[in-house]
A.B. asks: 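My structure is below; once you've seen it, I'll send some questions.
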Amino acid sequence: MKKKLGISLLIALMAFGTVSFDWNLVSAQTEEDIEQEIKELENEQLQLGEQKKEVQNNKSETEEKIEENLNEQASVQSQIDSLDQQLSDTKASISAKQGEIDATNKEINELTAQIDELTNQIEQLKEEIEVLLERITDREELLTERLRTIQRSGGALRYLEVLLGSKSFSDFISRTAAVNIMMDQDKAILESLANDKKEVENKKVTVESNKKDIESKRQDVEDNKVALEGQKNELVALENQLDEQMAERQILLAQLEEEHHHLEQYVITLEDEQRFLAQQEEAAKKAQQIAEQQLAALSQKTEGTNTNASSPNAGTGNFIWPASGSRTSNFGWRVHPIYFTKNYHGGVDIGAPQGTPIYSSGAGVGVVSTAEYHPSYGNHVMIVNIIDGQTYVTNYAHMSSIAVSPGQQVEQGQVIGYIGSTGDSTGPHLHFEIHLNRYLGVNPNTTNAVNPINYLP
Ligand SMILES: [Zn+2]
């Protein structure tokens, strides 16, 4: 038997606390005793009825809680669905925003390429201007040199002489013309160069203005990119927030699911309790019948022969070993062999081959209160004995089969079942418990279980 039982049966068997097994099957001897006993049994049945009502109320309350829990789960689930939708919307927005940012980056790159191209053009134009400036300077120098040569050779007069020294008028004309042509050519070249320079400068101004426009445009696009990144960051922050809310809701849902599981378990426990109480009621009725038969038998032999006919086991050992085999586990705290957790063992384990008979352990005659399958105990039998005025409940678990039924009277040593490994068991053995007065589960804080070794021979 493992610890699961302690939890599942603890609450179920709290109910037994207000119900006492007091019918004295063995030692009732006088009519008065038996009449008193019948009264007590009737009272017990009343108490059991009350207890059953309480359990039913408890069960209804728990079922309401389950209903509430399910409503809450549905509400949290719809919140999760809504968050899920918001999250996928936000992710789509982030991805769209990233698309815009990528487009912006592309545009910035294109504009930067254009700016580079224009910068190159400006550099070329500057060079062209330099070249033209040089040519202008050269031409001016040439012209200046020509004028200086004329002056050096006598200035205007000398120049005139050159002209007057002409051999003929036609020679004079041609000489004059030649000088004029030279001067005109110089002037024309200078003018043309100046024009070229002006044009190139104008072009440079245009290109520079163009470059400024594109730089301004790039600035706008960069500003837009900053804005887009800001928006994207906000969306990412929103996504994180939604993720957090989602995680919280999922934790909450998991908690609710766990609570739901516990509540369902509790309902099963309460159903166990209801069944156990009904069995107790049956056992009490049966005991009352037996007492009434005893009373009838007593009044028939009113002659009053020997009244001390019963209690055959008085003075002998109160309990016998319920099966032959080896003790494989003791009563009390033990370390779980696999999980190394400490847990409480409410009885002793007796290892024996499948099918070995199991005997009623308590002295005298007892009444079977429970004989059924339980998820933890497997096939188990519980027997109530009253020995020297003390009530004991013995429990025999993991049987392969049960040989008695509830309400049946059993004597010490009578076969009640056979060794098996049903319920929460890993191999054929008998799990045997002794409880004082009544069974209150095997939770170490509330149990009435005692160490069977102190009662066995
Ligand atoms: Zn055990």
Side-chain angles (χ1 to χ4, degrees), residues 1-13 16 265 268-269 272 276 318-362 366 368-385 392-404 410 415-457:
M1 254 281 307
K2 293 167 189 165
K3 71 169 180 185
K4 188 169 107 188
L5 183 77
I7 298 153
S8 64
L9 276 188
L10 165 65
I11 301 153
L13 292 149
F16 288 50
Q265 286 292 109
I268 291 168
T269 302
D272 274 352
F276 278 119
N318 287 337
F319 290 89
I320 60 167
W321 280 91
S324 54
S326 54
R327 205 187 330 149
T328 53
S329 191
N330 287 324
F331 173 89
W333 290 98
R334 63 179 183 181
V335 175
H336 192 281
I338 295 163
Y339 305 114
F340 299 109
T341 49
K342 266 180 97 178
N343 60 49
Y344 184 80
H345 190 224
V348 289
D349 290 345
I350 300 162
Q354 181 96 2
T356 304
I358 298 167
Y359 311 109
S360 177
S361 171
V368 175
S369 67
T370 299
E372 63 177 29
Y373 180 80
H374 183 276
S376 301
Y377 282 135
N379 292 322
H380 78 128
V381 169
M382 289 166 96
I383 297 172
V384 180
N385 283 86
Y392 298 92
V393 180
T394 46
N395 185 20
Y396 311 75
H398 312 306
M399 293 177 173
S400 58
S401 65
I402 295 173
V404 290
V410 286
V415 173
I416 55 168
Y418 301 91
I419 295 275
S421 188
T422 55
D424 199 354
S425 165
T426 51
H429 76 285
L430 171 67
H431 172 88
F432 177 60
E433 295 170 0
I434 301 179
H435 301 259
L436 294 181
N437 300 321
R438 65 199 70 99
Y439 181 101
L440 291 180
V442 286
N443 182 302
N445 299 316
T446 51
T447 189
N448 275 347
V450 292
N451 188 350
I453 295 308
N454 297 334
Y455 293 81
L456 291 165

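As the structure lists them, so they are numbered: ligands from 1, and atoms in each ligand from 1.
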A.B. asks: Of all N/O/S atoms in H431, which lies nearest to the Zn ion (ligand 1)?
C.D. replies: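 In H431, the heteroatom (N, O or S) nearest the Zn ion (ligand 1) is ND1.
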A.B. asks: So, for G325 and A352, which heavy atoms are closest and what is the spacing to 0.1 Å?
C.D. replies: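 Closest approach of G325 to A352, heavy atoms only: CA-CB, 4.4 Å.
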A.B. asks: H429 vs H431 aromatic rings, parallel, tilted or perpendicular, using cut-offs 30° and 60°?
C.D. replies: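 Correct class here is perpendicular.
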A.B. asks: Taking the N/O/S atoms of D349 one by one, which is nearest to the Zn ion (ligand 1)?
C.D. replies: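 For D349, the N, O or S atom at the smallest distance from the Zn ion (ligand 1) is OD1.
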A.B. asks: Give the minimum heavy-atom separation between S400 and Q354, together with the two atoms involved.
C.D. replies: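 What the structure gives for the nearest pair is CB-NE2, 3.5 Å.
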A.B. asks: So, 2.8 Å as the limit: is an N/O/S atom of H345 located closer than that to the Zn ion (ligand 1)?
C.D. replies: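 Yes, H345 qualifies, because one of its backbone or side-chain N, O or S atoms lies under 2.8 Å.
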A.B. asks: Looking just at side-chain N and O atoms, do N395 and H435 make a donor-acceptor pair shorter than 3.5 Å?
C.D. replies: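 Their side chains do not contain a donor-acceptor pair, so the 3.5 Å distance test is not met.
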